[in-house]
Amino acid sequence: MAVHLILLGLLSLCSLSFSQECNQALQVNVDFPGTDIAFQYSPDVQHCQLLCTQHPSCLFFTFVRADWTRDGRHFYCYLKSTPTGRPNVQTPLVGVTSGYSLKPCSQGQVKEPCLSEVYHDVDFPGADYRFLFTADYEECQRVCTQDPSCEFFTFANGSFSVETIRHKCHLKFSWTIPRTPIVERTAGVTSGFSHNAQMTTQIYDAVCQSKLFPDTDIAGQNVLVERAASPEQCQALCSAHPTCTYFTFVRSTFSCNLKKNPDKMVTTARNGYTSGLPTHFCQPDNNWLKVAHEGVDFRGSDIRFELMDNAEECQRTCTDDPNCQFYTYVTKNFRDRNFWRRCYVKRVITVPSLPKVTKLNNVVSGFTLKKCLLIPKSHV
Ligand SMILES: *[C@@H]1O[C@H](CO)[C@@H](O)[C@H](O)[C@H]1NC(C)=O
(Lines give C-alpha, C1' and ligand atoms only; values in the text may rest on other atoms or scores of the structure.)
Protein backbone atom coordinates (compact mmCIF):
# COMPACT_ATOMS: atom_id res chain seq x y z
CA MET A 1 0.00 0.00 0.00
CA ALA A 2 2.72 2.40 1.01
CA VAL A 3 4.61 1.56 -2.17
CA HIS A 4 1.51 2.28 -4.20
CA LEU A 5 1.04 5.61 -2.51
CA ILE A 6 4.62 6.60 -3.20
CA LEU A 7 4.32 5.50 -6.82
CA LEU A 8 1.10 7.43 -7.20
CA GLY A 9 2.78 10.42 -5.61
CA LEU A 10 5.70 10.10 -8.01
CA LEU A 11 3.41 9.79 -11.00
CA SER A 12 1.35 12.85 -10.12
CA LEU A 13 4.57 14.70 -9.39
CA CYS A 14 6.00 13.81 -12.79
CA SER A 15 2.82 14.83 -14.55
CA LEU A 16 2.94 18.14 -12.72
CA SER A 17 6.54 19.07 -13.26
CA PHE A 18 7.28 17.55 -16.64
CA SER A 19 4.07 17.74 -18.68
CA GLN A 20 4.27 21.55 -18.78
CA GLU A 21 5.17 22.66 -22.28
CA CYS A 22 7.13 25.75 -23.12
CA ASN A 23 4.47 28.26 -24.13
CA GLN A 24 5.86 31.72 -24.84
CA ALA A 25 2.78 33.12 -26.57
CA LEU A 26 1.16 36.14 -24.92
CA GLN A 27 -2.62 36.34 -25.21
CA VAL A 28 -3.61 39.98 -25.67
CA ASN A 29 -7.09 40.93 -24.40
CA VAL A 30 -7.57 37.50 -22.81
CA ASP A 31 -8.18 36.99 -19.08
CA PHE A 32 -7.35 33.84 -17.11
CA PRO A 33 -9.85 34.61 -14.29
CA GLY A 34 -9.42 33.37 -10.70
CA THR A 35 -6.93 30.86 -9.24
CA ASP A 36 -4.64 33.70 -8.03
CA ILE A 37 -1.73 32.72 -5.78
CA ALA A 38 0.01 36.11 -5.54
CA PHE A 39 -0.21 39.66 -6.76
CA GLN A 40 2.62 42.05 -7.65
CA TYR A 41 3.07 45.27 -9.61
CA SER A 42 4.73 45.20 -13.02
CA PRO A 43 5.39 47.99 -15.53
CA ASP A 44 4.79 45.66 -18.50
CA VAL A 45 3.76 42.14 -19.39
CA GLN A 46 7.37 40.96 -19.91
CA HIS A 47 8.26 41.82 -16.30
CA CYS A 48 5.03 40.15 -15.12
CA GLN A 49 5.98 37.01 -17.05
CA LEU A 50 9.44 37.06 -15.40
CA LEU A 51 7.81 37.29 -11.96
CA CYS A 52 5.65 34.27 -12.82
CA THR A 53 8.64 32.36 -14.17
CA GLN A 54 10.65 33.02 -10.99
CA HIS A 55 7.80 32.51 -8.52
CA PRO A 56 8.12 28.97 -7.13
CA SER A 57 4.58 27.86 -7.98
CA CYS A 58 3.24 30.31 -10.60
CA LEU A 59 2.24 28.56 -13.84
CA PHE A 60 0.40 31.36 -15.68
CA PHE A 61 -0.61 35.00 -15.15
CA THR A 62 -2.86 37.87 -16.15
CA PHE A 63 -1.44 41.41 -16.44
CA VAL A 64 -3.64 44.56 -16.31
CA ARG A 65 -2.14 46.97 -18.87
CA ALA A 66 -1.87 50.79 -18.75
CA ASP A 67 -4.75 51.08 -21.26
CA TRP A 68 -7.21 49.25 -18.96
CA THR A 69 -10.24 51.54 -18.45
CA ARG A 70 -12.69 49.79 -16.08
CA ASP A 71 -11.01 50.88 -12.83
CA GLY A 72 -7.67 52.07 -11.45
CA ARG A 73 -5.95 48.68 -11.38
CA HIS A 74 -3.20 49.45 -13.87
CA PHE A 75 0.06 47.49 -13.84
CA TYR A 76 -1.38 44.66 -11.71
CA CYS A 77 0.31 41.31 -12.28
CA TYR A 78 -1.76 38.36 -11.01
CA LEU A 79 0.25 35.17 -10.56
CA LYS A 80 -1.83 32.02 -10.91
CA SER A 81 -1.77 28.26 -10.66
CA THR A 82 -4.07 25.24 -11.06
CA PRO A 83 -3.42 21.53 -10.43
CA THR A 84 -3.69 20.89 -14.19
CA GLY A 85 -1.24 23.65 -15.07
CA ARG A 86 -3.79 25.26 -17.41
CA PRO A 87 -6.26 28.05 -16.71
CA ASN A 88 -9.74 26.72 -15.90
CA VAL A 89 -11.30 29.34 -18.18
CA GLN A 90 -10.09 31.86 -20.74
CA THR A 91 -12.33 34.85 -21.43
CA PRO A 92 -11.97 37.88 -23.72
CA LEU A 93 -11.21 41.07 -21.73
CA VAL A 94 -9.92 44.33 -23.22
CA GLY A 95 -6.95 45.84 -21.33
CA VAL A 96 -5.33 42.67 -20.00
CA THR A 97 -2.71 40.27 -21.36
CA SER A 98 -2.26 36.69 -20.15
CA GLY A 99 0.48 34.13 -20.60
CA TYR A 100 2.48 31.30 -19.06
CA SER A 101 5.50 30.82 -16.84
CA LEU A 102 8.67 30.22 -18.86
CA LYS A 103 9.96 27.66 -16.30
CA PRO A 104 9.62 24.81 -18.85
CA CYS A 105 11.47 26.86 -21.52
CA SER A 106 15.23 27.05 -21.77
CA GLN A 107 15.12 30.86 -21.44
CA GLY A 108 13.04 30.43 -18.28
CA GLN A 109 16.32 29.57 -16.66
CA VAL A 110 18.05 32.86 -17.46
CA LYS A 111 18.94 34.06 -14.00
CA GLU A 112 19.78 37.66 -14.68
CA PRO A 113 17.40 39.12 -17.25
CA CYS A 114 18.26 42.49 -18.81
CA LEU A 115 15.35 44.94 -18.43
CA SER A 116 16.28 47.73 -20.83
CA GLU A 117 12.84 49.28 -21.37
CA VAL A 118 12.14 52.77 -19.92
CA TYR A 119 8.63 53.84 -18.98
CA HIS A 120 7.49 57.41 -19.70
CA ASP A 121 4.83 58.93 -17.42
CA VAL A 122 5.12 55.94 -15.09
CA ASP A 123 6.26 56.20 -11.43
CA PHE A 124 7.89 53.41 -9.41
CA PRO A 125 7.14 54.78 -5.89
CA GLY A 126 9.01 53.55 -2.80
CA ALA A 127 12.23 51.64 -2.10
CA ASP A 128 14.35 54.84 -2.37
CA TYR A 129 17.79 54.86 -0.78
CA ARG A 130 19.63 57.70 -2.55
CA PHE A 131 18.75 60.89 -4.45
CA LEU A 132 20.63 63.18 -6.78
CA PHE A 133 19.89 65.66 -9.54
CA THR A 134 20.70 64.72 -13.12
CA ALA A 135 20.34 66.45 -16.49
CA ASP A 136 18.10 63.79 -17.99
CA TYR A 137 16.75 60.30 -17.37
CA GLU A 138 19.58 58.71 -19.36
CA GLU A 139 22.06 60.06 -16.81
CA CYS A 140 19.83 58.86 -13.95
CA GLN A 141 19.83 55.40 -15.53
CA ARG A 142 23.64 55.50 -15.94
CA VAL A 143 24.04 56.30 -12.22
CA CYS A 144 21.65 53.45 -11.39
CA THR A 145 23.66 51.10 -13.57
CA GLN A 146 26.95 52.09 -11.88
CA ASP A 147 25.63 52.07 -8.30
CA PRO A 148 25.95 48.47 -7.01
CA SER A 149 22.68 48.60 -5.01
CA CYS A 150 20.46 50.31 -7.59
CA GLU A 151 17.92 48.04 -9.25
CA PHE A 152 15.47 50.63 -10.58
CA PHE A 153 14.90 54.40 -10.69
CA THR A 154 12.38 57.18 -11.23
CA PHE A 155 13.41 60.53 -12.72
CA ALA A 156 11.22 63.68 -12.59
CA ASN A 157 11.85 65.68 -15.76
CA GLY A 158 11.98 69.46 -16.36
CA SER A 159 8.19 69.70 -16.76
CA PHE A 160 7.31 67.90 -13.51
CA SER A 161 4.47 69.59 -11.53
CA VAL A 162 6.47 70.01 -8.28
CA GLU A 163 9.15 72.51 -9.32
CA THR A 164 11.55 71.78 -6.43
CA ILE A 165 12.08 68.17 -7.46
CA ARG A 166 12.45 68.66 -11.21
CA HIS A 167 15.52 66.73 -12.43
CA LYS A 168 15.53 64.65 -9.25
CA CYS A 169 16.79 61.11 -9.80
CA HIS A 170 15.51 58.53 -7.27
CA LEU A 171 17.68 55.42 -6.92
CA LYS A 172 15.81 52.39 -5.63
CA PHE A 173 16.71 49.03 -4.12
CA SER A 174 15.22 45.55 -4.41
CA TRP A 175 16.66 42.23 -3.21
CA THR A 176 18.14 40.32 -6.12
CA ILE A 177 20.07 37.74 -4.10
CA PRO A 178 18.13 34.66 -2.99
CA ARG A 179 16.72 35.08 0.50
CA THR A 180 15.19 32.36 2.68
CA PRO A 181 11.90 33.92 3.88
CA ILE A 182 11.33 31.39 6.72
CA VAL A 183 14.11 29.65 8.68
CA GLU A 184 12.96 27.41 11.54
CA ARG A 185 14.37 24.78 13.84
CA THR A 186 12.69 21.44 12.97
CA ALA A 187 13.96 18.02 14.02
CA GLY A 188 14.55 15.53 11.21
CA VAL A 189 15.09 17.90 8.27
CA THR A 190 18.25 19.25 6.64
CA SER A 191 18.43 22.43 4.58
CA GLY A 192 21.02 24.05 2.38
CA PHE A 193 21.69 26.01 -0.78
CA SER A 194 22.37 25.47 -4.45
CA HIS A 195 26.13 25.72 -4.93
CA ASN A 196 25.32 27.89 -7.91
CA ALA A 197 23.19 30.40 -5.99
CA GLN A 198 24.11 33.82 -7.30
CA MET A 199 25.11 36.26 -4.59
CA THR A 200 26.72 38.97 -6.71
CA THR A 201 26.44 39.94 -10.33
CA GLN A 202 29.74 41.79 -10.46
CA ILE A 203 33.22 40.29 -10.63
CA TYR A 204 35.96 41.86 -8.49
CA ASP A 205 39.70 41.25 -8.25
CA ALA A 206 39.99 41.65 -4.48
CA VAL A 207 38.88 38.75 -2.27
CA CYS A 208 36.66 39.83 0.65
CA GLN A 209 38.23 39.77 4.12
CA SER A 210 35.21 38.74 6.09
CA LYS A 211 34.84 40.43 9.50
CA LEU A 212 32.67 38.66 12.08
CA PHE A 213 32.53 39.45 15.82
CA PRO A 214 31.58 36.22 17.67
CA ASP A 215 29.43 36.44 20.83
CA THR A 216 28.85 40.12 20.22
CA ASP A 217 25.67 42.19 19.98
CA ILE A 218 25.30 45.62 18.47
CA ALA A 219 22.35 47.30 20.15
CA GLY A 220 19.60 49.08 18.24
CA GLN A 221 19.75 50.73 14.82
CA ASN A 222 17.70 47.98 13.16
CA VAL A 223 16.62 48.86 9.64
CA LEU A 224 15.36 45.48 8.64
CA VAL A 225 15.01 41.98 10.08
CA GLU A 226 15.61 39.13 7.64
CA ARG A 227 15.99 35.37 8.24
CA ALA A 228 19.28 33.54 7.78
CA ALA A 229 20.71 30.13 8.67
CA SER A 230 24.18 31.44 9.51
CA PRO A 231 26.11 34.66 10.27
CA GLU A 232 27.73 34.32 6.82
CA GLN A 233 24.36 34.33 5.08
CA CYS A 234 23.36 37.37 7.17
CA GLN A 235 26.58 39.06 6.08
CA ALA A 236 25.71 38.41 2.40
CA LEU A 237 22.35 40.14 2.99
CA CYS A 238 23.98 43.12 4.71
CA SER A 239 26.54 43.40 1.90
CA ALA A 240 23.78 43.53 -0.73
CA HIS A 241 21.73 46.16 1.10
CA PRO A 242 22.54 49.81 0.27
CA THR A 243 22.22 51.20 3.81
CA CYS A 244 23.38 48.30 6.00
CA THR A 245 26.43 49.46 7.99
CA TYR A 246 26.71 46.34 10.21
CA PHE A 247 24.55 43.43 11.34
CA THR A 248 23.75 41.12 14.24
CA PHE A 249 22.73 37.49 13.73
CA VAL A 250 20.82 35.76 16.54
CA ARG A 251 21.37 32.00 16.47
CA SER A 252 18.30 30.99 18.55
CA THR A 253 15.79 32.73 16.25
CA PHE A 254 17.75 32.82 12.96
CA SER A 255 17.07 36.54 12.81
CA CYS A 256 19.44 38.62 10.76
CA ASN A 257 19.22 42.21 11.97
CA LEU A 258 20.49 44.69 9.43
CA LYS A 259 21.54 47.92 11.08
CA LYS A 260 22.20 51.45 9.95
CA ASN A 261 24.45 53.91 11.72
CA PRO A 262 27.43 55.18 9.75
CA ASP A 263 28.55 57.32 12.72
CA LYS A 264 29.32 54.79 15.43
CA MET A 265 29.19 51.12 16.39
CA VAL A 266 28.53 50.16 20.03
CA THR A 267 29.33 46.49 20.67
CA THR A 268 28.57 44.41 23.77
CA ALA A 269 29.43 40.81 24.71
CA ARG A 270 26.44 38.47 24.30
CA ASN A 271 26.35 34.69 23.91
CA GLY A 272 24.65 33.32 20.80
CA TYR A 273 24.83 36.64 18.95
CA THR A 274 27.24 37.16 16.05
CA SER A 275 27.78 40.63 14.64
CA GLY A 276 29.76 41.69 11.64
CA LEU A 277 30.48 44.12 8.83
CA PRO A 278 29.35 44.01 5.22
CA THR A 279 31.89 43.55 2.42
CA HIS A 280 32.42 46.11 -0.35
CA PHE A 281 33.68 45.79 -3.93
CA CYS A 282 35.28 42.38 -3.41
CA GLN A 283 34.66 38.78 -4.38
CA PRO A 284 32.77 37.15 -1.48
CA ASP A 285 33.81 33.80 -0.07
CA ASN A 286 30.65 31.80 -0.74
CA ASN A 287 31.71 28.66 1.16
CA TRP A 288 28.73 29.11 3.49
CA LEU A 289 26.51 28.06 0.55
CA LYS A 290 28.01 24.57 0.85
CA VAL A 291 27.06 24.09 4.51
CA ALA A 292 24.08 21.78 5.15
CA HIS A 293 22.07 22.80 8.23
CA GLU A 294 20.74 19.82 10.17
CA GLY A 295 17.55 20.43 12.11
CA VAL A 296 16.77 23.56 10.08
CA ASP A 297 13.74 24.00 7.78
CA PHE A 298 13.62 26.59 4.98
CA ARG A 299 9.84 26.38 5.11
CA GLY A 300 7.76 27.43 2.06
CA SER A 301 8.91 28.66 -1.39
CA ASP A 302 8.56 25.10 -2.78
CA ILE A 303 8.85 24.51 -6.52
CA ARG A 304 8.21 20.74 -6.10
CA PHE A 305 9.48 17.71 -4.21
CA GLU A 306 11.13 14.45 -5.29
CA LEU A 307 11.82 11.32 -3.22
CA MET A 308 15.44 10.38 -2.58
CA ASP A 309 17.74 8.68 -0.09
CA ASN A 310 19.78 11.41 1.55
CA ALA A 311 20.39 15.12 1.95
CA GLU A 312 23.54 15.04 -0.23
CA GLU A 313 21.50 13.79 -3.17
CA CYS A 314 18.95 16.53 -2.51
CA GLN A 315 21.73 19.11 -2.44
CA ARG A 316 23.03 17.87 -5.82
CA THR A 317 19.50 17.92 -7.26
CA CYS A 318 19.15 21.55 -6.21
CA THR A 319 22.55 22.56 -7.59
CA ASP A 320 21.79 20.83 -10.92
CA ASP A 321 18.40 22.55 -11.26
CA PRO A 322 18.89 26.11 -12.57
CA ASN A 323 15.60 27.14 -10.90
CA CYS A 324 16.58 25.86 -7.43
CA GLN A 325 18.17 28.29 -4.96
CA PHE A 326 17.81 26.32 -1.71
CA TYR A 327 16.37 23.02 -0.49
CA THR A 328 14.99 21.15 2.50
CA TYR A 329 15.36 17.36 2.80
CA VAL A 330 13.11 15.32 5.15
CA THR A 331 14.96 12.43 6.84
CA LYS A 332 13.53 9.35 8.55
CA ASN A 333 13.91 11.14 11.88
CA PHE A 334 11.08 13.50 10.99
CA ARG A 335 7.89 13.11 13.10
CA ASP A 336 5.52 12.35 10.20
CA ARG A 337 6.57 9.39 8.02
CA ASN A 338 4.40 10.60 5.12
CA PHE A 339 7.07 13.24 4.47
CA TRP A 340 10.12 10.98 4.75
CA ARG A 341 12.65 11.13 1.88
CA ARG A 342 11.11 14.23 0.35
CA CYS A 343 13.57 16.63 -1.24
CA TYR A 344 11.92 20.03 -1.62
CA VAL A 345 13.59 22.28 -4.18
CA LYS A 346 12.89 25.94 -3.53
CA ARG A 347 13.34 29.43 -4.86
CA VAL A 348 12.24 33.05 -4.46
CA ILE A 349 11.82 35.86 -7.01
CA THR A 350 15.10 37.65 -7.70
CA VAL A 351 14.04 39.87 -10.61
CA PRO A 352 13.51 43.41 -9.18
CA SER A 353 10.15 43.57 -7.35
CA LEU A 354 8.45 46.97 -7.45
CA PRO A 355 6.54 48.06 -4.30
CA LYS A 356 4.13 49.95 -6.59
CA VAL A 357 3.70 51.15 -10.20
CA THR A 358 1.44 54.11 -11.03
CA LYS A 359 0.78 56.61 -13.80
CA LEU A 360 2.41 60.01 -13.18
CA ASN A 361 2.99 62.73 -15.78
CA ASN A 362 6.51 63.92 -16.60
CA VAL A 363 8.48 61.18 -14.88
CA VAL A 364 10.52 58.38 -16.43
CA SER A 365 11.18 55.08 -14.68
CA GLY A 366 13.32 52.10 -15.54
CA PHE A 367 15.78 49.48 -14.37
CA THR A 368 19.55 49.21 -13.95
CA LEU A 369 21.38 48.09 -17.08
CA LYS A 370 23.95 46.10 -15.01
CA LYS A 371 22.63 42.77 -16.19
CA CYS A 372 22.58 43.96 -19.81
CA LEU A 373 26.36 44.35 -19.68
CA LEU A 374 27.04 40.87 -18.32
CA ILE A 375 28.60 38.31 -20.60
CA PRO A 376 26.63 35.06 -20.30
CA LYS A 377 28.62 32.52 -18.27
CA SER A 378 28.58 29.92 -21.03
CA HIS A 379 30.53 32.28 -23.31
CA VAL A 380 33.38 32.93 -20.89
C1 LIG B 1 8.79 65.42 -19.71
O2 LIG B 1 8.13 64.21 -20.09
C3 LIG B 1 6.98 64.41 -20.87
C4 LIG B 1 6.32 63.07 -21.12
O5 LIG B 1 7.14 62.01 -20.86
C6 LIG B 1 7.35 65.09 -22.18
O7 LIG B 1 6.20 65.31 -22.96
C8 LIG B 1 8.02 66.41 -21.86
O9 LIG B 1 8.45 67.04 -23.05
C10 LIG B 1 9.20 66.20 -20.93
N11 LIG B 1 9.73 67.49 -20.54
C12 LIG B 1 11.02 67.81 -20.64
C13 LIG B 1 11.40 69.20 -20.21
O14 LIG B 1 11.84 67.04 -21.08
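Note that ligands are numbered from 1 as they come in the structure, with each ligand's atoms numbered from 1 the same way.
The atoms of ligand 1 that sit less than 4.0 Å from any heavy atom of D121 are 4 (C), 5 (O). Each of the following atoms of ligand 1 lies closer than 4.0 Å to a heavy atom of N362: 1 (C), 2 (O), 3 (C).
With respect to atom 11 (N) of ligand 1, the closest heavy atom belonging to the protein is S159 OG, 2.7 Å. From the protein, the heavy atom lying nearest to atom 14 (O) of ligand 1 is N157 ND2, 3.5 Å.
Less than 4.0 angstrom separates atom 7 (O) of ligand 1 from none of the non-hydrogen atoms of the protein.
Ring centroid separation for the pair F131 and H170 comes in under the 6.0 Å cut-off. Taking the six-membered ring for Trp, F326 and F298 have ring centres closer than 6.0 Å. Aromatic pair F60/F32: ring centres closer than 6.0 Å.
A cation-pi arrangement is absent between R166 and F160, since the terminal nitrogen or guanidinium carbon is not both under 6.0 Å from the aromatic centre and inside a 45° cone about the axis.
The aromatic rings of W175 and H241 are tilted relative to each other, their planes meeting at an angle between 30° and 60°.
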